[in-house]
Every structure is written in C-alpha cells, then in structure tokens.
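Beneath this line is the structure, given in structure tokens, with notes to follow.
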Amino acid sequence: MWLFYLILRPMKAEQLLFESVKSGLKTLYGLDTNTISFQKTRKEFEGDFTLVTFPYTKETKKSPEQVANELGAFLLANNAQVQAFNVVKGFLNISLSSGFWLSFFETVKSNARYGFQKAQSTGKTIMVEYSSPNTNKPLHLGHVRNILLGYSVARILDANGHTVIKTNLVNDRGIHICKSMLAWEKFGKGETPQSSGLKGDHLVGKYYVEFDKAYKKEIAQLVEQGTNKEIAEKEAPLMKECQEMLRLWEKGDEKVLKLWNTMNAWVYEGFDVTYKSLGVDFDKIYYESNTYLRGKEVVQQGLEKGLFYKKENGSIAIDLSADGLDEKIILRGDGTSVYITQDMGTAVERFMDYPKLNQIVYTVGNEQDYHFKALFKILEKLNYTWAKECYHLSYGMVELPEGKMKSREGTVVDADDLIEVMYNTAKATTEELGKVDDFSAEELNALYKTVSMGALKYFILKVDTKKKMLFDPKESIDFNGHTGPFIQYTHARIKSVLRKSSENESSYVVTDLHPLEREILRGVYDFEAVVEEAGNTYSPALIANYAYELTKLFNRFYHDLSILKEEDANKRRFRLALSANCAQVLNNAMGLLGIQVPERM
RNA sequence: GGUCCCAUAGCUCAGCUGGAUAGAGCACAGGUUUUCUAAACCUGCGGCCCUUGGUUCGAAUCCAAGUGGGACUACCA
C-alpha cells in the first residue's frame, strides 16, 4: 500500500533529503535529530537545496565545513537522487539529479491544475466577505484594493481545496444613506440615470456631496448668528430632516421606502458595472437592512446571560477591559443598532444560513482592527464556537501623495475613472507597438481590458496586504518591469512559440539539463508550496512575487537558448514542453490574482 | 491614558518559521535585434536594513526600550 503510494506520487524533494540527512547524522555522529530544514540554494551558488550545518557543530564537535563535507559525501553515496554537492563555509549545497527533476516534470506537465489541491478536498467551508460598500457613493480606489484582495484570497483558498463562499455585505441603510436621499428630494428635480446619462452610483454620490455642501452652509450660517459650532451641527435643519427621514424609514414609511428602493437600485446597477469591469462576483449578498434586526436578538441573548449590561442612559454595553479593550457600546439608548450590533447579527445569521460554515474571512481596512477584535471577542463570550475561526483580513489604507482620500471632499480616485484611464493606456501602448494590428475590434477591446486590469490588479496585489500603499495618479501605473503586463507578455510570447511549432511528436528522451532549464524546473517545483503558504497567510502578494520570479527565469532562458531552432529534436521537444508548462503555471498563478493572460499582445 | 500597525537604494517594493557578499522594478548611464514577440535581455550606479540595548555560533528578521509616521479607542461606519 505504502509502496504503491510512492510510485504514484513521487516523494517531495525535501522529504527525500530529510530522511537521508537524518540517517547521515545518525550514522556519522550518532546524532538523533529532527531539526533539519532546507532552504532554496541562492542563485549565486550551485545547487538546488541548502542545508545549514551550524546547528550540528556543538554535538559533533566538528567544524561546520567538516560536517557539511562529510554529510555531503554521505548523501552522495547513499541517495541516488543526489547528484553533487559543494560546501561554502557551513553551507551544504545539494544538487539533485537531472533524473529527479525530469521525473518531477513528468508528473506536472500534463496537469492543468498543477499547484492546486483537489477541489473541495479539505471539507472546510470558508466565507470570504469583501467590498462591503455604502450605497451613497460610487466605489473608489480604497474599495478597489478591498475587492481585488478579497476576490484573490477567495480564489487562493479555493485552490487550497476549501469550499469558498464569496459574499458582500451591503451597507444600504442608516443616516448616511438618508443624506443623499434627502438631497436628491430637495435639489434633484427628478433627475434619474436615464435623464442625466449619469451612472447610477455616481448620480447618488453627487447628491451625497450636495448634502454635505448645503449642510456646511447651514452650519456656517448658524455659527455666524452666534450658535456654538457643535450645537449648530446637531441643530441644522437639514440634519434634523435627515434624522426624521431615518426615523420614518425604520417605521416603514411608504414614501421614504419607495425613494430608498429607487435610489439603491440605481446604485446597484452602477456597482454591477464596476464589479464586472473588475471581473469579480459574489455567491451571496447580504444587506444590512435585512440583518440589522438580528443583531438586536443577539444583544438580548447577551443581556440574559448577564454578559451585557444596561447603562444609566439606557444604552447597552459590554466591558472588555479584562481583554485589553475598553467598554464597548453595543446598542444605543434609543434601542437603535450600531455597527457592531449589525455585525454580530450578520455573523450569527451567516452560520445559520450555512450550517457547514467553518470560518468567515472579513476583508476590511485596518482602521477597523479594533472593531473586529471586539466583535470576535464578544462572539466568543457568547459561546459561539466558530468565533475563534473568524479572521479579519486587514489591509492598509490607500493613500494619495496629499494624504488620505476623503469622499466628501472629493479627493478620491474614482474606480470607474481609474479603470478607464488604465484601459486607455493599454490601448495607446498596444497601438504604439503595433503587434496585433490584425485583431478585430472585439479582440482589441478584450485585450485592452485584459492588459489594463492585469496592470491595475498586479500593482495592487503585489504589495503586502497589511501595508499601506501609495498611489500617485500623476505617475500612471507602469507596464514595464515588475508588473502584470510583463508577466502577461511572457505568457503571450510562450504561446507564440507554441503556435509556431510544427512538432506533432511530443515525446522526448532527455538526460541532461541546461542550468537554465533546471532553474525553471526548480521554480515550477516551488509553486505548490507557494500556493499553500499563500492560503495559510491569506496573501496574494506571495503569488504575485512568485509569478514574477518565474517569469524572469523564463525570460532569461528564452533569451539565452533557442527553443524552435534547437537542432536536437529531443531537446527541442523538451523545451517546448517546458515552455508550455511555464505558461500553464503563470496562467494558474495569475488566475489566483484574478488576472487573465492573453494568447497574444 | 489604553490597544494596534508601519519604518530596507533617490522613488515603489521583495526578503518565508533567524543563516552565505541585503534583492527586484522604476529613475539615471551604457550595451544587445538579418535568428522563436525588444511590453524583453545584459552591465553599471545606488544601502549606519530608524536608534540603542538584549538573546544567539549567527539578527534586516526574534525580544525590550526609544524615535518618527499612521490607525483605532464615539450612542459614526
């Protein structure tokens, strides 16, 4: 049974070496240890895997070089897959045989899903929430980072064999939504997306800004008349009206609900266009207007358990100071819910909707780190066992050279504008290079979309999730160097070679590997581990950087060696297969980032 | 007051659970195409890895303190 398994699945190189080194240490020094780990040999040295021998000097009472040399000799003599070794100081660099790499290649070259686990093989179900917009303004660059991250993480988790549910929690109710509604009612003169030609979300956003302008004017007036500023902010007629509107909404006032439905529908229509441009989708959408009441039930549970308490002013709170947090208000004095009330309710509802759900991943900016700490802690205290599995995928803010983006002040990079600018840049670059002049208008359009989204997505996803990122609109996103289009270009190049090949024989006999071929195989080998690591750490950046490294390896190979013009038919066919496999891995890796790769560009 | 995040080349970023002379891209200077797509390849330039201590055979990486930047700690979301 065990042997059978070995034949079907070749041992991983690290495992193979681990056993040999373990037995070597035992045989040579009588040392019994499991602390053996390998790292990738740095490219300036020869070898595939490197073992650091410093840790064994104490027990063996020998110099690191000596241990490395003796161990190297042992491996060479006892492990058929070890072809050579060299020692630099205490570093034992091990080269595996060409045979090992070639047989590895045989197992992956025909596997289109190489690097991915069998679909839904872990039995674990994970919900990934992302986007979570307010319905009072269009999406901006901050949302774009959120959306791309969440979508990519969903794909990465899927590739790791989990069942993934992509979800969106739409913040469709509350005082801020009423602001744009009120402004439209007052100043809109019946304007609609149809009458104005404005995209629905932009139209609504316009009135959100209008509200703010008019509101600020009122405050200024009141202050001029001698009112204290804080009081003016509360007493301004527009704010009063807005609060009244929210009250009517909660009461179910028909007229308000109708306006609310109409304007939200405009927004959703607009969002859908943006989501489609970004190439993302959702399996299930939650609306806060549907879930906010559930939160109040949860609060009630907590009260009964004695976990929450009522304060003098009637609000309900929990004391989290023992957990390093503060007192947290979870329900307003007037009985209306706050953000965390809704989030508690939504989480509970989700686990009711999906009984098999194991985990929720929340893609939300790091400004809410504290909020999620409190949320998970409260859910844990309410004895929801799944609370420990909830994860806040916290990402850094996107900043402009001037600082933070502010919707109300209009200093945001609009998502639709950005997408358009990228599209036009891709178009201009493509036309300039003139490599696809024979494309139809449709094909060109598709290519511009692929390349522009590749550039944008890669630009955002290659940066470590938790770090804040700087975006300078004046410096357009690059298409050269460490970018999405660079990787896409390499893929297109490979495809071009493959198209030109008239080879109908795909078999070959190869025994030796060129160092560049070997490096590529070594790179391909790493993919599986990178996918796993990216899944464990929710990190698209790992995938992005991996794809770049492999691309560079391939380009060096492509530049230095020829594929089609190689005269030895065996080598030629092998290189074709290797190139095809590279294209496949790049396609798989980019797919995890939500980026498509073109056949030509 | 409390909690958390960040600091690496002029700029934007890699550097995995500690390991070799700290790496890329952009920018700058130069080179490579009668040959598979030059959105490429190669060379050069460029670094008190914020500071100071500690742990270790070994620290950009781990620990502590400090400095600088940022976020949160609202009956906002």
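Note that the structure is predicted; figures quoted are calculated from it, not measured. Because only heavy atoms are used, hydrogens play no part in the values below, and waters and symmetry mates are left out as well, while side chains stay in.
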Does the plane of the ring in His482(A) sit parallel, tilted or perpendicular to the ring in Tyr548(A)? Use 30° and 60° as the thresholds.
parallel
Please give the distance between the P atoms of A20(B) and A64(B) as a whole number of Å.
24 Å
Does this structure show an ion pair linking Glu250(A) with Arg247(A), if we count only N-O contacts that are shorter than 4.0 Å?
no
Roughly how far apart, to the nearest Å, are A60(B) and U8(B) at atom C1'?
7 Å
Whole Å only: how far is the CG atom of Leu320(A) from the P atom of C4(B)?
15 Å
Which whole-number value in Å describes the distance from Asp478(A) CG to A40(B) C1'?
14 Å
Rounded to the nearest Å, what distance is computed from the CG atom of residue Asp323(A) to the C1' atom of nucleotide C4(B)?
15 Å
With rounding to the closest Å, how many angstrom separate the P atoms on C63(B) and U17(B)?
11 Å
Tell me whether the side-chain N or O atoms of Thr50(A) pair up with the base of A20(B) as donor and acceptor below 3.5 Å, since no angle test is needed here.
yes
Toward the 5' end of RNA chain B, which comes first, Glu44(A) or Leu561(A), by nearest nucleotide?
Glu44(A)
Within the structure shown, what part of the strands sits under 4.0 Å from Phe486(A) by heavy-atom distance: base, sugar-phosphate, or nothing?
sugar-phosphate
Calculate the interatomic distance between Ile318(A) atom CD1 and C75(B) atom C1'; express it in whole Å.
16 Å
Contact class for Arg42(A) vs. all strands (heavy atom < 4.0 Å): base, sugar-phosphate, or nothing?
base
Pair Asp48(A)-Thr41(A), side-chain donor/acceptor within less than 3.5 Å
no
Do Asn366(A) and C72(B) share a donor-acceptor pair, side chain to base, under 3.5 Å?
no
Check whether the aromatic ring of Phe91(A) stacks on the base of G19(B), taking stacking as ring centres less than 5.5 Å apart and planes within 30° of each other.
no
Where the side chain of Tyr558(A) is defined as all heavy atoms beyond and including C-beta, which of A40(B), A38(B), C75(B) is the nearest nucleotide?
A38(B)
Distance in angstrom units between Ile330(A) CD1 and C76(B) C1', rounded:
17 Å
For Lys373(A), report the nucleic acid contact type (base, sugar-phosphate, nothing); a contact means any heavy atom under 4.0 Å.
sugar-phosphate
Check for me: is Phe54(A) stacked on G19(B) by the 5.5 Å centroid and 30° plane-angle rule?
yes
For A65(B) versus U3(B), give the span between their P atoms, rounded off to a whole number of Å.
10 Å
Taking Lys234(A) first and then Glu230(A), would you say they form a salt bridge - that is, a charged N and a carboxylate O separated by under 4.0 Å?
no
Between Leu542(A) and Glu327(A), who's closer to the 5' end of RNA chain B by nearest nucleotide?
Leu542(A)
Students often get this wrong, so: under 4.0 angstrom with heavy atoms, is Asn555(A) touching a base, only sugar-phosphate, or nothing?
sugar-phosphate
Say whether Tyr508(A) and Glu503(A), considering side chains only, have a donor N or O and an acceptor N or O under 3.5 Å apart.
no
Tyr548(A) has an atom OH; how far is it from atom P of A14(B), in whole Å?
14 Å
Answer with yes or no whether Asn93(A) presents, from its side chain, a donor or acceptor under 3.5 Å of a partner atom in the base of A20(B).
yes
Against the side chain of Val338(A), the closest entry in C75(B), A14(B), U37(B) is C75(B)
What's the gap between G47(B) and U34(B) when it is taken at their P atoms, as a whole Å value?
37 Å
Residues Lys427(A) and Glu431(A) bridged, charged N to O under 4.0 Å
yes
